[in-house]
Protein chains: 2
Amino acid sequence: MWSAEPGGPVHPSTSVWRPLGAGEIQVTGGIWQQKQQLNAEVILGHCQTWMERIGWIGNFDRAAAGAIDGRHSGIEFVDSEIYKLLEAMAWELGRQPAAGLERRYCALAERVAAAQEPDGYLHTSFGRPGQPPRYSSLETGHELYCFGHLFQAAVARLRTGHDDLLPQVARRLADHVEGQFGASGRGAVCGHPEIEMALVELARATGEQRYLDLARLFIERRGTGTLGVHPFGREYFQDDMPVRRATTLRGHAVRALYLASGALDVATETGDAELAGAVRQQWAHAAARRTYITGGVGSHHQDEAFGDDFELPADRAYAETCAGIASVMLSWRLLLATGEDKYADLIERTLLNNVLASPRADGRAFYYTNTLHQRTPGLVLDEHELSHRAESGLRAPWFEVSCCPTNVARTLASVGLYFATASDDGVQLHQYGDYRVTTTLAAGTVTLQVSSAYPASGTISVKIVEAPAAELALRLRVPGWARGSAVLSESPATRTPGHIEIRRIFLPGESIDIRFPDQARVTYPDPRVDAIRGTFAVEQGPLVLALESPDLPPGWNVNEIAADPESIATSRAGVTIDVYRPAPAPDGWPYHPAPAENRGERARTQLIPYHQRANRGPATMRVWLPVCPPATPVAAAGLSA
Amino acid sequence: MWSAEPGGPVHPSTSVWRPLGAGEIQVTGGIWQQKQQLNAEVILGHCQTWMERIGWIGNFDRAAAGAIDGRHSGIEFVDSEIYKLLEAMAWELGRQPAAGLERRYCALAERVAAAQEPDGYLHTSFGRPGQPPRYSSLETGHELYCFGHLFQAAVARLRTGHDDLLPQVARRLADHVEGQFGASGRGAVCGHPEIEMALVELARATGEQRYLDLARLFIERRGTGTLGVHPFGREYFQDDMPVRRATTLRGHAVRALYLASGALDVATETGDAELAGAVRQQWAHAAARRTYITGGVGSHHQDEAFGDDFELPADRAYAETCAGIASVMLSWRLLLATGEDKYADLIERTLLNNVLASPRADGRAFYYTNTLHQRTPGLVLDEHELSHRAESGLRAPWFEVSCCPTNVARTLASVGLYFATASDDGVQLHQYGDYRVTTTLAAGTVTLQVSSAYPASGTISVKIVEAPAAELALRLRVPGWARGSAVLSESPATRTPGHIEIRRIFLPGESIDIRFPDQARVTYPDPRVDAIRGTFAVEQGPLVLALESPDLPPGWNVNEIAADPESIATSRAGVTIDVYRPAPAPDGWPYHPAPAENRGERARTQLIPYHQRANRGPATMRVWLPVCPPATPVAAAGLSA
């Protein structure tokens, strides 16, 4: 069952589609290459510099020197940020080896390794003199959570071809954890799931069955009340019911999605169809009832949690960046396991509209939360000040709980690995952009170059660079947003609402073209989503668009406009729409015996991709636009069409 | 400037209307008498029993015995709950003396007094061996906040005619605080405002100018950055700008409203017109843009804070009970200071629809938060279990932070004192119900008996029981909700949208009748309140009505219905409306290329007063009903009209 070969972040021993490794797929242009370069040139360094400056990396040095007592910097789970940075560096080195980064990586790994205790335990917040005892705070201490991130960093190193220091550290630590929490150990789980999927990946990458067995135990124990009470309730950390009994994703969104990912990994490796089915059901329920149009999840600020069904207020959207990343991790596992296109749809939507919204254009500040309606302009934060707040409106250089920047870094470094997969006789293109695939099928090696201006344009060209003289299957996803509208340069063998498959002998040099609609389109919410009743969104291709204050005439306010869904126009310059400013409402008690009239001035404005918001400085913004009621505008003003 | 005579919770030395004391106004029937009896017979005992059981009262005994180190029960500000209970008991004893309660009151006051230190300091969480030093945590320690509640409890005792133990304790403590934080002391403030208004009241009740001076200092220091950083930002505890510069209420709602109350008290006693004007402006802005239809304030769960303008999602309404009470405290001060009817309007709305929603019908469980849309049924909590959660949906017997039950208790015990005021030549009736006023005007004593079934009916009778043979002014508020519709049994001297004034000689035995509309009515939200666009509420008199799941046909769901605003009918049996259940929506991605159609089955259902929600057990509920689009229903089902 074990695959020790190079690969990507997830490598099941059995799957419908085979994931590709860093040597098999390379992003070659477009928005994703820009972001990968930004990650390599700015974000990785930004993360490391910050964590040096505020002592989070130094925790390892002090722990190694036996001088950590009372001198630990940051909250108790900051180790995990160093591990996510190491994972990001490993993927980046796999994508594009660089001697300088390699040296930085090795130096950092050595500082981590130096803090490992003789029995394998490794955590800078627990267990040394003057610190709380090991495993004394499983509800909130995040020890096993941090270990999980270390394991994932080690797996990234193994999958990119290096069985060196960090994988050794990880094995020692995993052996220690297995001794403590294995079948003959303590029957407990961590308050923050993460280690489950990490242990399965470590098992896959090392061939060590005991790590899988331990992951299975953690999954089975969860929801049996091994954790104490949490102020936000047992649902918060998914200890309210066994994983296989849950029918939706609930509680803290990142925890819920990491847990579901681990459960699917365990189900895949143990052939547990019931558990796999439960995870598929949880995904389906959450996608239908608990997901923002951006793919963002989690509407609650207080507990960073999924809300109730259809509790998706735009202006209180938390939609944490890490939850979006976790959602991609789960959807990717389900795509590999089932081959179903809907999972690739949600990956596309979430990557482009939630995850990509986090980093500022210059890569030096990040959104932790991703609201869909910014009522007041965000603050410009001091570039050198640690942000205490995770609130919307603030892209901050660093946070007290700074899970998102390093999560963005590891995702950007590996994002191309989610774009395509292979099978014995073919290649499946799940995401579009500019990238090259080279992989070996049963009949021989195939190399494809995908070219497009996607997501800005819906026209994609797939050039066959190299192919064996045998019948192969090239499968192209038809994104859900295209609603089946896909013009192909030839007649396909199979056409479903979710994909097109061409099955024939491909000749080097030939190209296959596919075209999806380019026109911006109107999207209306399910009426059960109360908070956005009477509004519409505008989408173009896979992008959710937004109206941002810099595009409105002076004195206009995104909070007080309506817009006409019939007036959308798409051109090379972008998407424009008629918006209306109603006459000033009375400024008294805001509840009235008659509905408001919405006539007013008209202005033509542009819409921008949501993920580009606040790149022009603090601004107000909204995704969902109130529908302008049918009424004769009394005046036209501002920008004209 | 000092008035040491009996009175109510607020007694300014100068005001447009003179507040009445417990001896001058008595609730004699109706819903408020029921609630005052419930308070006397159940709630006061419930609070005391809980606080004995979980050791919060015992903290004082342990502190007095010098054995509090490591044995303090509850969070650091639980002293304040005992003080609010003492205040509630004092008002209750003023309303209706009872030997048993008097004994319980005195015994409790003695236990508190025993913990006072020789220099006047009194707090069970700070300053003793093994505890944090006094004033070491002004941001979050709540020491001065607790003192403020003690002062208010002492004032209640003084105003109800007893200058006994607790007022003596309060004077010693206030003298100590004055020494520590007065002009020659430490230039600091408390993270949670409260002591400001309490010091002014204590100054008013004792004639001690230094207490007023200290209150003024606390108001002037606020917003000058004397507090450290808070994770939720300086706005959270109103240290972001000076009180007199703020133009709205912002940050933590209870803090904001307690601070504004104290600022107005200081402004009133020092003749600071600028400060008073700032508070009036803050109230007006918040009432117009940051207040739920129930009068509830504060939409944020995480920081219990006012949101942005018009950020009032029904399903994420926090609307803490204590914030509603604090809003009443501020509005009452503004009503006394200005005489303007709009303040009485908001008091009425908030008392009947936010505060009264908190206690369960049996008085043994309380809402901490008061959502306007309950999507899933609340839990039935163990009657003996301490609730960790303040979340909506849960009426709990007691909370870890249990500010609301004792706040409800002190409010119910004194609520009648907000109903009417006097002036030299007349009486003003601000609230309606069943109560008797006896007060002495310049011309002599007047006694009125107000009788009604209010708020269930809009017909009120005012009987003159006793009156001097001199021209007097009887002023009757015309509630804002009546929109000027008020039928009086005679021609008034003055009629404005907000009140009617009759000015003549009144004869004992005669009655004046006034009638406001009884019909339920439709209310639409300002379109800037995004979260409830396309919905309407139903109000009847001063009551906000709600649709609760027990009133729907089996299988219907409040989250999936629409309603017809044209179909409302009012009868003696209550208010009914047509609701529609749309055909089941597809259970996939919830964003669609066309707006949903809303045709479906029809059912006739009743609406209940919002404050009665969840008295029939866990239920789903909504105040704002989606407008049913004009469409022919395909079937009629369920309850008929």
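Throughout, a chain's letter reflects where its sequence line sits, starting with A, and its residues are numbered from 1.
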Ring centroid separation B/H592 to A/Y524 under 6.0 Å: no
Spell out, as yes or no, whether a donor-acceptor pair under 3.5 Å connects the side chain of B/R316 to the backbone of A/H300. no
Please find the pair of heavy atoms, one from A/L227 and one from A/D239, that lie closest to each other, and give the distance. N-OD2, 3.3 Å
Chain A contact via B/R290 - which portion, at a heavy-atom distance below 4.5 Å: neither
Toward chain B, the part of A/T291 with a non-hydrogen atom under 4.5 Å: both
Is a donor on one side and an acceptor on the other found under 3.5 Å between the side chain of A/R528 and the backbone of A/D309? no
Select one option (side chain, backbone, both, neither) describing which atoms of B/F536 are under 4.5 Å from chain A's heavy atoms. neither
So, the part of B/R521 with a heavy atom under 4.5 Å from chain A: the answer is neither
Over all heavy atoms of both residues, which pair between A/T620 and A/R375 is shortest? Give the atoms and the distance, please. CG2-O, 3.3 Å
With A/Y368, which residues qualify under ring-ring contact (aromatic ring centres under 6.0 Å, His included), at least two apart? A/F399
Could B/D530 and B/R533 be called an ion pair, given the rule that one side-chain N must be under 4.0 Å from one carboxylate O? yes
Exam field: side chain A/R234 to backbone A/M241, donor-acceptor pair closer than 3.5 Å: no
Establish, yes or no, whether a centroid distance under 6.0 Å links the rings of B/W624 and A/Y591. yes
With only heavy atoms counted, which part of B/I532 is less than 4.5 Å from chain A, the side chain, the backbone, both or neither? side chain
For B/N559, which atoms come within 4.5 Å of any heavy atom of chain A: side chain, backbone, both, or neither? backbone
Residues of residues 540-547 of chain B near chain A, each having a heavy atom less than 4.5 Å away: none
Side chain, backbone, both or neither: which part of A/H373 has a heavy atom under 4.5 Å from chain B? side chain
Atom group of B/N557 that falls short of 4.5 Å from chain A, counting heavy atoms: neither
Do you know which two heavy atoms are closest between A/A537 and A/I293, and how far apart they sit? CB-CD1, 3.9 Å
Heaviest contributor of heavy-atom pairs below 4.5 Å to chain B, chosen from A/A594, A/G588, A/P313, A/P593, is A/P593
